[in-house]
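Chain letters run A, B, ... following the sequence lines, proteins first and then strands; every chain starts at 1.
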There are 2 protein chains.
Amino acid sequence: MKRVVPTPFPADPYLDSPVVLGAAIRSARTQAGIRLEDAAMTIGVSLQTLVDIEAGKPGVSIGKILQVAQGLGVSLFVIPQSQREIARRRLSDLIVDNRP
Amino acid sequence: MKRVVPTPFPADPYLDSPVVLGAAIRSARTQAGIRLEDAAMTIGVSLQTLVDIEAGKPGVSIGKILQVAQGLGVSLFVIPQSQREIARRRLSDLIVDNRP
DNA sequence: TCTATAACTCTAGTATAGGAGACTTTTATG
DNA sequence: CATAAAAGTCTCCTATACTAGAGTTATAGA
C-alpha cells in the first residue's frame, strides 16, 4: 500500500507567498501521517480546499487557511516589516528538519 | 480636516484569527499616515477589500492578504505549533508600542 | 510486475469574494 | 457649533471559491 510520505518544513519561516504556507501545512500533515482525505474531513473543509492550500493557491480564504493551520498544528506570527530580519534570525533555528 | 489616527500594533504577535491580522495592517497604514482610499489604490486592491481585511473578515483570500501586508509593511512567519510558545517569547519584545 | 491506496483531477452547482461607484456616518478641527 | 474630510456602508455585477462526487494517475510494497 502507498503510505503518507513526510515532507520537510520550510527552512525559512518568513511567509512571503501562499506556496510557503502550503509547504508548511503539507509538512505538518505528512509528518503526522494523516491522509489528505482524512485530514480534510477531520478539520471540516473539503478535500479540494486542502489540496488547493497545500498547492499554494492564492485564492483560498484566510478563514479556511487558519482553520486548517490550527487543525494541523501550524502557527502564524505577524510583526512590523521593520523587524523582519531580526525575527527571521531569531526563528531560523526553530525549524528542525526531520525528514524520513 | 479629519486626520488619519494611528492605532497600536497587536501586543501579541501570534496570529490566531483574521482580526489580529486586520489590526496589524490597520496599525501599519495609520502609523504611516495613509488614508484607506489612497492605500487601496496604491496597493492595487479595492477600497472594500482593504476595509474587509482591516475588519478581520475571514473570507478574504490569502493572495489579497499578502499583497496588502507587503504593500503596507507587515511581515508574516510560519512555524510548527510545537515551537509556538518559544517563538512567542522570542518575538514579544519586538512590538514597540507607539501610540500617539 | 501486480495491486492497493494515496494523491490528484475534473465537473457541476451554490455561495461568496472582489470591484466600482454612490451614499451615510463619524470626528477632528476651526 | 459648523464643516471638511476620513471612515464606513450599500447595491449591483462579475468572477471565483467552495463543496460533493466520480474518475484518473502515481507509487509503495508484496
(request) Look at B:R29 and D:dA7 and indicate whether a side-chain polar atom (N or O) is within less than 4.0 Å of OP1 or OP2. (result)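 True: B:R29 side-chain N/O within range (under 4.0 Å) of D:dA7 OP1/OP2.
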Is there side-chain contact between [X] and [Y], with heavy atoms separated by less than 4.5 Å?
X	Y	value
B:I65	B:I53	yes
B:V78	A:I25	no
B:R90	A:L94	yes
A:D12	A:P10	no
B:P6	B:R3	yes
B:K64	A:I62	no

What are the atom names and distances for every N/O pair under 3.5 Å that joins the protein to nucleotides 16-20 of chain D?
{"from": "D:dC18", "atom 1": "OP1", "to": "A:S61", "atom 2": "N", "distance (Å)": "3.0"}
{"from": "D:dC18", "atom 1": "OP1", "to": "A:S61", "atom 2": "OG", "distance (Å)": "2.8"}
{"from": "D:dT19", "atom 1": "OP1", "to": "A:K64", "atom 2": "NZ", "distance (Å)": "3.0"}
{"from": "D:dT19", "atom 1": "OP2", "to": "A:S46", "atom 2": "N", "distance (Å)": "3.1"}
{"from": "D:dT19", "atom 1": "OP2", "to": "A:S46", "atom 2": "OG", "distance (Å)": "2.8"}
{"from": "D:dT19", "atom 1": "OP2", "to": "A:T49", "atom 2": "OG1", "distance (Å)": "2.3"}

(request) Could you tell me from which nucleotide to which nucleotide of DNA chain C, 5' to 3', there is an atom under 4.0 Å from chain A heavy atoms? (result)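 The footprint of chain A covers C:dT5 to C:dC10.
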Checking the side chain of [X] only, and the main-chain atoms of [Y] only, is there a donor and an acceptor separated by less than 3.5 Å?
X	Y	value
B:T49	B:V45	no
A:Q70	B:D16	yes
A:E54	A:A23	no
A:T30	A:V4	no
B:S61	A:G59	no

(request) Output, in order, the C-alpha distance, side-chain angles, deciding distance and verdict of side chain to side chain contact (heavy atoms under 4.5 Å, CB included) for B:D52 and B:Q48. (result) CA-CA 6 Å; B:D52 287 347; B:Q48 191 64 54; 3.4 Å; yes
Show me the protein contacts with nucleotides 25-30 of chain D, counting only N or O atoms at under 3.5 Å.
{"from": "D:dG29", "atom 1": "OP1", "to": "A:R3", "atom 2": "NE", "distance (Å)": "3.1"}

(request) Starting from the first five and the last five pairs of the helix from C:dT1-D:dA30 to C:dG30-D:dC1, work out the angle between the resulting helix axes, to 10 degrees. (result)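 The end axes of the helix from C:dT1-D:dA30 to C:dG30-D:dC1 are about 60° apart, to the nearest 10°.
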(message) Hydrophobic clusters here meaning ILVMFWY residues chained together by side-chain heavy-atom distances under 4.5 Å, can you tell me if B:V74 and A:I86 are in one?
(response)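 Cluster IDs for B:V74 and A:I86 match.
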(request) State whether B:D38 and B:R29 are salt-bridged, where the test is any N-O pair (Lys NZ or Arg NE/NH1/NH2 against Asp/Glu carboxylate O) under 4.0 Å. (result)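 Not counted as a salt bridge, because no side-chain N and carboxylate O are separated by less than 4.0 Å.
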(request) Go through residues 33-41 of chain A and report each residue with a non-hydrogen atom lying under 4.0 Å from DNA chain C, sorted by number. (result)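 The answer is A:R35, A:L36.
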(request) List in chain and number order the residues that pass side chain to side chain contact (heavy atoms under 4.5 Å, CB included) with B:S75, two or more places apart in sequence or in another chain; answer none if no residue qualifies. (result)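 Listed in chain order: A:Y14, A:I79, A:Q81, A:R84, B:F77.
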